[in-house]
**Student:** 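Encoded as structure tokens, here's the structure I'll be asking about.
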Amino acid sequence: MDVDIVIIGAGPAGCAAAIVAVQSGLSALIIAGKNTRHDSANLTIQPSESIHPGVLSLLELLQAGPAIAAASVGVYEGVQTGETLAPLGSSADGDPWLGNHIHRHRFDKALLDAALLQGAGILQPEMVSDLLLQDDCVVGIKTMSGNQITCKYVIDASGYMRFGGKKLQFEEAFDSLPLTAWTGVTENIPPDHFLYSNRFTRFIPNPGGWTWLAPESGGRCTWTMLSAKGKQSVEPPGELTAFTNQGKIKAANCRWRIFRPVCKEGIILCGDAAAIVDPAAGQGILNALLSGMTASKTVVSCISDPDQEPIYLAEYDNWFFQYYQDRVQKLKTHYADLGIAVF
């Protein structure tokens, strides 16, 4: 099999990259590790993710605007830290901007449907086992089932798997202590609980990390707690212990880190496959969409003007690094103001 671009991962970064590729006239094949379009998974309760209103403008460019409505399980106006309210913003008419707490599987499915509708291809369930190299340039992939697919470029949007950077043994730069985030869903919360006194999520800092409470419709609340690795018991936060925890508590390695570089001839890393910052940045999906779109635009430029390929790759690497550093510096300043010491 031969295509212009192979995309590892069917999350927001991978789908955004695929859509930009096909909109630019290139063939794109998404490799998805599981059947993300399976409808039964839409019915399960899972931790929501909070997205910024700015996501909508990117989704409209991708012709995937309905993804938010398909996945929303609640809205919020801003973040409350102690008694301080930080609204997301407002329109010229004074109406508050609203973010959404979204059911991630439904959101990913809607994005993937948009990518396939616009002409992207997909292999699922399928896993990438190796990269094909020729003269130190990535020229394709191998899959677990034995497929060998050649391409002009690979875009690695594998998220926390971070396939490409590990396989190519890129160096990692770290900017925090080892951190773990635990996430769960609590339900059967009564409507008079303090969480529903306004439409704000709660950010509760402590010296070793923080707790995030995102109230949803139907008496549910997604909670996330972050702390230095090994220093936190895996239990719901105290504010929710009187209620029922639904399903398993999930853990994720959230140490701030970035691969150096994030691209080379034949491959570009984007989203969490390239760099990870903990969820307090509050813009995980926004960053995934933006970096996936930018990676794909870079690939389009490299393919259409191969003589300038080193320049395009250097520009992407510099852009991504500076974008990551900007998020790191803002988080460091925010954490220092709140007395959180994780770096």
Side-chain angles (χ1 to χ4, degrees), residues 5 7-24 28-77 88-89 91 96-122 124-125 155 157-160 183 185 199 201 214-218 220 222 224 270-273 279 281-297:
I5 304 174
I7 298 158
I8 306 173
C15 289
I19 292 172
V20 169
V22 297
Q23 288 178 347
S24 302
L29 180 66
I30 300 170
I31 311 296
K34 57 185 178 181
N35 191 347
T36 56
R37 304 183 75 201
H38 200 279
D39 288 332
S40 64
N42 291 334
L43 303 176
T44 62
I45 295 175
Q46 61 177 225
S48 64
E49 293 192 31
S50 303
I51 60 174
H52 189 275
V55 166
L56 180 58
S57 61
L58 296 181
L59 291 176
E60 289 175 343
L61 290 174
L62 298 170
Q63 299 180 30
I68 292 179
S72 180
V73 293
V75 298
Y76 69 106
E77 293 183 23
L88 297 174
S91 66
W97 289 349
L98 296 178
N100 282 265
H101 306 307
I102 61 166
H103 187 288
R104 179 59 184 274
H105 182 90
R106 295 174 193 160
F107 184 79
D108 287 0
K109 179 181 182 297
L111 264 181
L112 181 57
D113 287 345
L116 300 183
L117 183 64
Q118 294 177 64
I122 188 168
Q124 68 172 27
I155 294 180
S158 59
Y160 274 74
T183 304
V185 180
R199 293 199 297 182
T201 60
E216 306 165 13
S217 59
R220 289 191 297 271
T222 288
T224 303
C270 63
D272 288 342
Q283 298 180 355
I285 291 178
L286 179 68
N287 297 330
L289 293 171
L290 182 59
S291 65
M293 295 169 71
T294 305
S296 196
K297 290 176 181 177

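Predicted model only: the values in this text are computed from it and were never measured. For the numbers below, each heavy atom of this structure counts, side chains included, while hydrogens, waters and symmetry mates do not.
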**Student:** Is it the case that the side chain of Gln118 and the backbone of Leu62 share a donor-acceptor pair, with hydrogens and angles ignored and the cut-off at 3.5 Å?
**Tutor:**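 Confirmed, Gln118 side chain pairs with Leu62 backbone.
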
**Student:** Specify the closest pair of heavy atoms between Gly65 and Leu56, including all atoms of both residues, with the distance to one decimal.
**Tutor:**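 What the structure gives for the nearest pair is O-CD1, 4.2 Å.
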
**Student:** If you apply the rule side-chain contact (heavy atoms from CB on, under 4.5 Å), what do you find for Val73 with Arg106, and how did you get there?
**Tutor:** CA-CA 10 Å; Val73 293; Arg106 295 174 193 160; 4.0 Å; yes

**Student:** With the side chain counted from C-beta on, respond yes when His101 and Thr222 share a heavy-atom pair under 4.5 Å apart, and no when they do not.
**Tutor:**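 With C-beta onward as the side chain, the pair stays apart.
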
**Student:** State the CD1-CD1 distance between Ile102 and Ile51, to the nearest 0.5 angstrom.
**Tutor:**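 Here the interatomic distance stands at 4.5 Å.
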
**Student:** Check whether any side-chain heavy atom of Leu290 lies under 4.5 Å from a side-chain heavy atom of Gln283, and answer yes or no.
**Tutor:** no

**Student:** Closest approach of Ala28 and Ile7, non-hydrogen atoms and distance?
**Tutor:**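 Distance-wise, the nearest heavy atoms are CB-CD1, 4.1 Å.
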
**Student:** Any side-chain heavy atom of Phe107 sitting closer than 4.5 Å to one from Leu59?
**Tutor:**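 Of all side-chain heavy-atom pairs linking Leu59 with Phe107, at least one is under 4.5 Å.
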
**Student:** For Ser91 and Trp97, work out which heavy atoms get closest and say how close.
**Tutor:**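 Closest heavy-atom pair between Ser91 and Trp97: N-NE1, 3.5 Å.
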
**Student:** Check whether any side-chain N or O of Ser291 sits under 3.5 Å from a backbone N or O of Asn287 as a donor-acceptor pair, and report yes or no.
**Tutor:**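 Pair found, side chain donor or acceptor close to backbone of Asn287.
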
**Student:** Could you report the tightest heavy-atom contact between Thr183 and Pro47, atom names first, then the distance?
**Tutor:** CG2-CB, 3.3 Å

**Student:** With a 4.5 Å limit on heavy-atom distance, are the side chains of Leu111 and Leu289 in contact?
**Tutor:**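 In contact.
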
**Student:** Any chance you could lay out the side-chain contact (heavy atoms from CB on, under 4.5 Å) test for Ile155 and Cys270, step after step, and finish with the verdict?
**Tutor:** CA-CA 7 Å; Ile155 294 180; Cys270 63; 3.8 Å; yes

**Student:** Checking the side chain of Ser158 only, and the main-chain atoms of Ala273 only, is there a donor and an acceptor separated by less than 3.5 Å?
**Tutor:** no

**Student:** Donor-acceptor pair, distance only, cut-off 3.5 Å: does the side chain of Ser296 make one with the backbone of Met293?
**Tutor:**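 No, because the side chain of Ser296 does not come within donor-acceptor range (under 3.5 Å) of the backbone of Met293.
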
**Student:** Do side-chain atoms of Ser217 reach the backbone of Gly74 as a donor and acceptor pair under 3.5 angstrom?
**Tutor:**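 No, the answer is negative, given that no donor and acceptor are paired below the 3.5 Å cut-off.
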
**Student:** I'd like to know if the side chain of Glu77 and the backbone of Pro96 have a donor-acceptor N/O pair within less than 3.5 Å.
**Tutor:** no

**Student:** Under 3.5 Å, which donor-acceptor pairs do the side chains of residues 11-20 form with other protein atoms, sequence neighbours left out?
**Tutor:**
none

**Student:** Do the non-hydrogen side-chain atoms of Gln23 and Leu61 ever get within less than 4.5 Å of each other?
**Tutor:** no

**Student:** Just how far is it from atom CD1 of Ile122 to atom CG of Leu112, taken to the nearest 0.5 Å?
**Tutor:** 4.0 Å

**Student:** To the nearest 0.5 Å, tell me how far Leu58 CG sits from Ile285 CD1.
**Tutor:** 11.5 Å

**Student:** Looking at Tyr76 and Glu216, would you say the former's side chain and the latter's main chain have a donor-acceptor pair under 3.5 Å?
**Tutor:** no

